[in-house]
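Report on one structure; see the data block that follows.
Order of listing sets the numbers, starting from 1, for every ligand and every atom in it.
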Amino acid sequence: MHDTSRTAGAVLEAEELSLFLRAGHGAELKIVDGVSFSIARGEFYALVGESGSGKTVIARSLMRLFPPNTLRMEGRLVLDGVDLTTAPANRVQQMRGRSVSMIFQEPMTSLNPLMTVERQIDEAIAVAGGLGRRERRERVVELLADVQFANPESVRSMYPHELSGGMRQRAMIAMALANNPSLLIADEPTTALDVTIQQEILQLLLRLRDQHGLSILFISHDLSLVRRFADRIGVLYGGVLMETGPAHGLIDHPTHPYSRALIGCIPRRREAGRRQAGIEGLVPGVADWFDGCRFAPRCPRVGEDCRHGRIEMTSTRPAQAARCLYPL
Ligand SMILES: Nc1ncnc2c1ncn2[C@@H]1O[C@H](COP(=O)(O)OP(=O)(O)OP(=O)(O)O)[C@@H](O)[C@H]1O
Ligand code: NI
């Protein structure tokens, strides 16, 4: 079913997206640098990268939620045909929840502990207006069934603390889907859950994608998870998209040396320092970024020309492209 809907064109197109922050002493930091990718209708796209690579900042930018010290955004960001870089604030506000919704690692940060599941989902539905009380009540039950609560009628009246971690995540997904968004952004939604529950949530997302033609932007450290569930992957490093391509192709045949290094040492958890076992050296801090390829100082294939100027994304394999002068 999703095969036909997937040809219906891009739900999201990010083109040369850059984000500049104000740093101390009048300096500016480019924390996202020329990132381009698109997500088709019904597509499950995963953004992967080490801690600090810019996954969350990019995800939030897609809802035009910028860090407070943001100076400006450059590039184009088109969601459901609307350019978010130029759309007025009220238009963007309207699109949140309706065109795009976001779920997070810790559902308790988005769920109100003092409100029942029903009330929270009801409020999310009411934001869009148009439905009467009774219709909204029906819609709540429908949403709870949609996220596969076996007994939606009883879950309705529960408070968040009465739910398990996996159930809270489902409740949050139900809220996020309240107004049928085209795109669901999931920022490491399963990292805090045990493996079985993690699989269940991923299966649920795939089912929702198939049933509703939902597009998913999934952010994760876990490449083994991503390989099993994503259609396509983007590999981020230091705010730069290094490689993008079909999930299986990219993981089985990475063409950027950084992707290969990342796949070779699938990181399991956030590390206190930014050193990752397996990749020599450190991720450059945003303040000490430089010209040329940001991976150059750690790259086994580096050439002198990698250290200067801009390196373009070039096709390396069918449907796969890398920002590298010496791809694998
Ligand atoms: N307001 C800010 N001011 C300065 N730097 C920031 C700000 N917000 C984020 N950064 C920096 O931008 C970079 C990207 O951060 P981001 O949170 O997007 O990383 P991430 O890939 O989501 O990491 P993690 O896997 O740990 O969640 C980091 O180096 C971070 O320190
Ligand atoms: Ni993050």
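Those atoms of ligand 1 that come under 4.0 Å of a heavy atom in T56, given as number and element, are 17 (O), 18 (O), 20 (P), 22 (O), 27 (O). Taking every non-hydrogen atom of H221 and a distance limit under 4.0 Å, the qualifying atoms of ligand 1 come out as 25 (O). Near E50, with a cut-off below 4.0 Å to any heavy atom, the atoms of ligand 1 are 21 (O). The atoms of ligand 1 that sit less than 4.0 Å from any heavy atom of E188 are 25 (O). Shown in contact with S53 at under 4.0 Å from a heavy atom are these atoms of ligand 1, numbered in order with element: 19 (O), 21 (O). Each of the atoms 1 (N), 2 (C), 3 (N), 4 (C), 5 (N), 6 (C), 7 (C) of ligand 1 lies under 4.0 Å from some heavy atom of L21.
The N/O atoms of V57, backbone and side chain alike, include one that comes under 3.5 Å of an N/O atom in ligand 1.
When distances to the Ni ion (ligand 2) are checked against a cut-off of 2.8 Å, T56 contributes an N, O or S atom below that limit.
Residues E43 and R232 are paired through a salt bridge, judged by an N-O separation under 4.0 Å between the basic side chain and the carboxylate. Between R310 and D33, none of the side-chain N atoms (NZ, or NE/NH1/NH2) sits under 4.0 Å from a carboxylate O, so this pair counts as no salt bridge. Taking the charged nitrogens against the carboxylate oxygens, E50 and R298 do have a contact shorter than 4.0 Å, which makes a salt bridge. Salt bridge D122/R133: absent, no basic N to carboxylate O contact under 4.0 Å. Salt-bridge check for R119 with E123: passed, with a basic side-chain N closer than 4.0 Å to an acidic carboxylate O.
Atom 20 (P) of ligand 1 has its nearest heavy-atom neighbour, among A59, P67, G52, A23, in G52. Between G54, G239, P68, it is G54 that holds the heavy atom closest to atom 19 (O) of ligand 1.
Of the heavy atoms in N69, only side-chain atoms (C-beta onward) come closer than 4.0 Å to ligand 1.
Looking only at side-chain heavy atoms (C-beta outward), E15 and V35 stay at 4.5 Å or farther from each other.
Between the side chains of D222 and S220, no donor-acceptor pair is found at a separation under 3.5 Å.
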Point to revise | Trace of the ring-ring contact (aromatic ring centres under 6.0 Å, His included) decision for F218 with F44 | key: CA-CA 7 Å; F218 189 81; F44 191 126; 5.4 Å; yes
